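Values below: every heavy atom of this structure, side chains too, minus hydrogens, waters and symmetry copies. Bear in mind that the values here come from a model prediction, so they are computed numbers and not experimental data.
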Amino acid sequence: MANIFMKSSWGSDDPTRAAMVFGHGNALARAGHSIRIFLVGEAAPLAIEAVRASLFPVGWPSLAVQWRECVALGVDIMVCDACRQARGVTPEAIKDSGARIGTPADFVAGVEWSDKIVAE
């Protein structure tokens with residue numbers, strides 16, 4: 001099985017695109033791959049429960065449902081530290097989400113760890 005590093009910058013302005021990294025990450029995790037998701041830019045506020053609960057992508061389960069499935073499947077979700085600070089996402093919101101704060105060093109480590117990289 002592969003180590004797959006996924007990056008997304010899609011946020012609440014496009015719920016369908018924002019959800020793709022989670023739906024695809026879940027499918028890959030269910031198939032037995034190891035998945036790390038790194039959220040940057042407008043994707044950082046997805047760590048906030050109220051934001052996730054308000055997003056309903058076309059043709060997919062809600063973003064909240066897909067996020068919870070990622071966490072349950074052991075997908076490592078990271079939220080860019082600089083991106084989250086710039087958008088007012090608190091460490092508490094991230095802690096409660098099942099994700100963690102990701103640094104530039106975490107981004108580099110994820111790229112180096114991966115066999116494949118998916119940018120959504």
Side-chain angles (χ1 to χ4, degrees):
M1 296 284 97
N3 294 329
I4 303 172
F5 186 74
M6 304 178 79
K7 180 192 81 72
S8 180
S9 61
W10 292 102
S12 61
D13 60 322
D14 192 329
T16 301
R17 286 184 172 157
M20 290 296 155
V21 71
F22 302 103
H24 295 149
N26 288 334
L28 289 162
R30 284 191 303 273
H33 300 286
S34 295
I35 309 301
R36 290 184 187 175
I37 294 175
F38 202 92
L39 301 175
V40 300
E42 297 309 314
L46 300 178
I48 300 170
E49 184 176 351
V51 173
R52 291 191 305 276
S54 70
L55 299 179
F56 296 90
V58 176
W60 289 73
S62 73
L63 198 133
V65 167
Q66 291 184 62
W67 183 291
R68 282 193 302 272
E69 185 176 354
C70 272
V71 172
L73 289 168
V75 172
D76 184 11
I77 304 170
M78 290 171 275
V79 181
C80 168
D81 191 29
C83 301
R84 67 117 195 135
Q85 287 181 49
R87 290 160 180 82
V89 179
T90 65
E92 292 78 23
I94 292 170
K95 176 183 162 251
D96 293 342
S97 73
R100 62 187 175 100
I101 294 172
T103 64
D106 292 319
F107 183 85
V108 170
V111 170
E112 292 173 346
W113 162 85
S114 68
D115 299 311
K116 300 180 185 299
I117 298 172
V118 176
E120 300 236 53

Steps toward side-chain contact (heavy atoms from CB on, under 4.5 Å) verdict (I77, S97): CA-CA 9 Å; I77 304 170; S97 73; over 6 Å; no
Is the shortest heavy-atom distance from the side chain of [X] to the side chain of [Y] under 4.5 Å?
| X | Y | result |
| --- | --- | --- |
| R30 | L73 | yes |
| E49 | D96 | no |
| M78 | F107 | no |
| R100 | D106 | yes |
| I101 | P91 | yes |
| V118 | H24 | no |
| R52 | R68 | no |

If you look at every heavy atom in [X] and [Y], which pair is closest and at what distance?
| X | Y | result |
| --- | --- | --- |
| C83 | G41 | SG-N, 3.1 Å |
| I35 | G25 | CG1-O, 3.8 Å |
| R87 | P45 | CD-CD, 3.8 Å |
| V89 | A93 | CG1-CB, 4.3 Å |
| W67 | L46 | CZ3-O, 3.6 Å |
| F5 | S114 | CB-CB, 3.6 Å |

Side chain N3, main chain D115, donor-acceptor under 3.5 Å: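 Looks like no, no N/O pair under 3.5 Å.
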Short side-chain to backbone donor-acceptor contact, Q66 and G23, under 3.5 Å: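 Yes; at least one donor-acceptor contact below 3.5 Å.
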In the single-linkage hydrophobic clustering (I, L, V, M, F, W, Y; side-chain heavy atoms under 4.5 Å), do [X] and [Y] co-cluster?
| X | Y | answer |
| --- | --- | --- |
| I117 | I4 | no |
| I48 | W10 | no |
| L28 | V65 | no |
| M6 | V71 | yes |
| I37 | V79 | yes |

Steps toward side-chain contact (heavy atoms from CB on, under 4.5 Å) verdict (L39, F22): CA-CA 11 Å; L39 301 175; F22 302 103; 4.0 Å; yes
